[in-house]
2 protein chains.
Amino acid sequence: MEPLPFLRALTPCDRCAVRKTSLCSRVNVDLQRDLARLSHHRTYRLGETVLAEMEATSFVGIVVSGVLRMQKSLEDGRQQLVGLLFRSDFFGRVFGGLSDYAIEAASDVILCCYERRAFERLTERFPELEHQLMLNTLDELDAARDWMLLLGCQTMPERVASFLLMLCRRGEPDEWVSGANLSIHLPISRRDMASYLGTTGESISRVIHEMSRRGIIKIRNAQDFEILNKRQLVRMSGRDDLSIRPAIAAQSSRSPYERLAAANGLPRSTGFH
Amino acid sequence: MEPLPFLRALTPCDRCAVRKTSLCSRVNVDLQRDLARLSHHRTYRLGETVLAEMEATSFVGIVVSGVLRMQKSLEDGRQQLVGLLFRSDFFGRVFGGLSDYAIEAASDVILCCYERRAFERLTERFPELEHQLMLNTLDELDAARDWMLLLGCQTMPERVASFLLMLCRRGEPDEWVSGANLSIHLPISRRDMASYLGTTGESISRVIHEMSRRGIIKIRNAQDFEILNKRQLVRMSGRDDLSIRPAIAAQSSRSPYERLAAANGLPRSTGFH
DNA sequence: CGCTCGGTTGAGACGGTTCAAGACGTGTGG
DNA sequence: CCACACGTCTTGAACCGTCTCAACCGAGCG
């Protein structure tokens with residue numbers, strides 16, 4: 001017997017942990033049902049490879065819990081982390097044969113997966129799905145370019161500060177209220193962090209402990225900090241506060257160039273004022 | 001009188017210089033006609049701003065000739081070039097309020113422009129157009145991540161070599177035949193090049209002249225070189241040949257990990273062997 | 001308990017930046 | 001046609017931020 005629309009059977013997705021925030025919830029219910037039918041969960045343990053570099057992408061999906069890292073490597077072993085994927089983020093390269101980067105579990109993870117070809121066929125039937133993917137891809141592109149700025153011309157203290165602030169926004173749905181102290185949990189190893197920031201574990205260590213010495217953060221243990229002086233952390237990041245903007249771009253709430261003032265010619269500083 | 005399909009009137013686009021390679025030619029003729037109706041040309045001189053950072057994107061379009069640079073800047077004046085756009089490349093941020101980088105003319109340019117909102121409405125009517133945009137965006141994302149690898153963990157000689165090879169692929173439709181010597185024309189200033197590579201003009205100068213001393217390239221003048229030893233240039237880039245792959249990804253023609261061999265632990269070298 | 005592994009700390013070396021001076025090329029005006 | 005000036009590129013020397021290497025520390029675990 002066909003259930004009435006408002007009585008339709010619950011899909012497993014309805015109680016999914018990332019239901020509210022993931023791409024699949026931003027499309028209409030027919031499509032949601034099709035997606036639900038196509039999906040299956042997979043789990044990986046820290047360090048396991050989800051999709052290897054230069055391998056045909058067989059599936060794509062959404063991070064339910066844990067953190068994925070996207071990383072590229074040179075033949076001599078040097079590696080660069082080109083992105084982190086947190087819960088409710090979409091992963092996998094659609095519409096292309098090979099992915100140029102490996103996707104690996106940076107922690108234990110649970111993924112909600114779709115067979116790639118089947119997913120792509122769905123985008124053909126539902127332009128709405130492709131549109132959501134498009135918005136997602138554009139955001140990733142903005143983020144990648146933002147990181148290029150960081151890698152290309154920021155100092156280590158600036159990079160680490162930016163990274164911590166990024167974790168505040170994307171890591172876990174914490175408080176981040178105006179005045180409150182904030183606790184940060186590093187979900188990845190020093191090595192991953194170093195690779196993401198284009199530096200070494202040693203340098204990160206030094207910067208973090210220097211930040212602690214200056215009372216900007218408090219180190220609870222190697223992967224748990226507390227932000228004691230948010231304003232100074234933002235200042236140290238060398239960016240406008242807006243790194244702290246919510247995922248949904250608040251339309252033009254930024255103050256464009258109010259501090260454009262001090263142009264070039266400053267001597268290089270340590271990043272610690 | 002309605003012209004027969006095969007006799008339809010020529011649009012200005014039919015004799016467009018980038019007709020064969022641009023996004024607008026990869027969609028069906030109805031859509032092409034709509035696009036043609038919407039388009040208008042604009043010209044900018046070297047150094048002029050096409051779209052400012054943090055400004056609402058009023059139009060998008062395609063580069064007909066010349067080179068655009070996308071760049072981000074910090075408040076203290078440091079700048080990072082996050083992408084170059086050559087002829088037939090699409091520019092402008094669709095589906096978003098503000099672009100977070102400036103688009104400027106890195107040479108004199110001619111652009112074929114579409115009012116942004118009108119263009120977006122067209123994507124709603126023609127999913128095909130959105131799909132082409134999507135493919136384009138995915139390519140840009142791949143390129144951005146590739147550049148992150150370069151900025152995050154490659155030496156100056158590697159960066160410069162990679163840049164020169166990139167110019168071979170994307171700059172002008174030159175020869176690049178297997179054995180032939182190749183001439184490269186730098187379409188941008190040293191400063192732009194430095195900003196793209198995350199370094200300074202001085203460092204670039206030194207690397208280029210060292211390359212010349214080693215007989216890898218011949219310097220005709222500050223912006224014209226000849227590649228004398230392509231193989232060594234590729235080797236110096238620290239990447240697999242594939243930087244030289246054509247825009248259309250040749251399916252899995254790469255040899256995946258044949259040289260994965262020599263993993264970590266190599267002492268840091270100058271990049272010149 | 002001792003091993004291992006990730007993170008921390010210190011000392012020294014090195015690549016790349018900075019600053020300053022010089023060369024080159026190009027356009028202008030006498 | 002040359003003199004001059006200006007911007008861009010080149011070259012040199014000193015400095016400094018970050019990497020490298022090596023030792024050390026502490027937590028987790030068989």
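Reminder, nothing fancy here: chain letters follow the sequence lines and each chain counts from 1.
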| note | Rounded to whole Å, CG of A/L46 lies from P of D/dG28 at a distance of 16 Å
| message | Just the rounded figure in Å: distance from P of D/dT18 to CD of A/Q154. | response | 12 Å
| Which one of A/R69, A/Q80, A/K72 satisfies the side chain to side chain contact (heavy atoms under 4.5 Å, CB included) criterion with A/Y101? | A/K72
| query | Can you check side-chain hydrogen bond (donor to acceptor under 3.5 Å, both in side chains) on B/S99 and B/E55, steps first, answer last? | reply | CA-CA 6 Å; B/S99 84; B/E55 159 183 296; over 6 Å; no
| remark: Taken to the nearest whole Å, CD/A/E202 to C1'/D/dC24 is 13 Å
| Rounded distance in Å - CG (B/L197) to P (C/dT17) | 10 Å
| field | Salt bridge present between B/R42 and B/E48 (N-O < 4.0 angstrom) | value | no
| message | How many whole angstroms separate atom CD1 of A/I219 from atom P of C/dG7? | response | 13 Å
| query | Is a side-chain donor-acceptor pair under 3.5 Å present for B/R239 with B/Q154? | reply | yes
| task | Ignoring backbone atoms, establish whether B/T200 has a side-chain N or O less than 4.0 Å from OP1 or OP2 of C/dT17. | result | yes
| Below 3.5 Å, does any donor atom in the side chain of A/R206 face an acceptor in the base of C/dG10, or the other way round? | yes
Please write out each protein N/O paired with an N/O of nucleotides 5-9 of chain D under 3.5 Å, distance rounded to 0.1 Å.
| unit_1 | atom_1 | unit_2 | atom_2 | d |
| --- | --- | --- | --- | --- |
| D/dC9 | OP1 | B/R190 | N | 3.4 |

| request: Answer yes or no: is there an ion pair linking B/R145 with A/E140, defined by an N-O contact shorter than 4.0 Å? | output: yes
| query | Please give, in whole Å, the distance from C/dC24 P to B/D224 CG? | reply | 18 Å
| field | Separation of atom CD1 in A/I208 from atom P in C/dG7, rounded to whole Å | value | 10 Å
| request: When you get a sec, tell me which of D/dT20, C/dT18, C/dG16 is the closest nucleotide to the side chain of B/M156? | output: C/dG16
| field | Check ion pair A/E210-A/R214 (N to O, under 4.0 angstrom) | value | yes
| task | Round to a whole Å and report the spacing from CZ of A/R213 to P of C/dT8. | result | 11 Å
| Would you say a side-chain N or O of A/S203 is under 4.0 Å from OP1 or OP2 of D/dC19? | yes
| said: I'd like to know if A/R159 reaches the base of D/dT18 with its side chain, counting only an N/O donor and acceptor under 3.5 Å. | reply: no
| query | Counting distance only, does the side-chain N/O of A/D76 pair as donor-acceptor with the main-chain N or O of A/R78 below 3.5 Å? | reply | yes
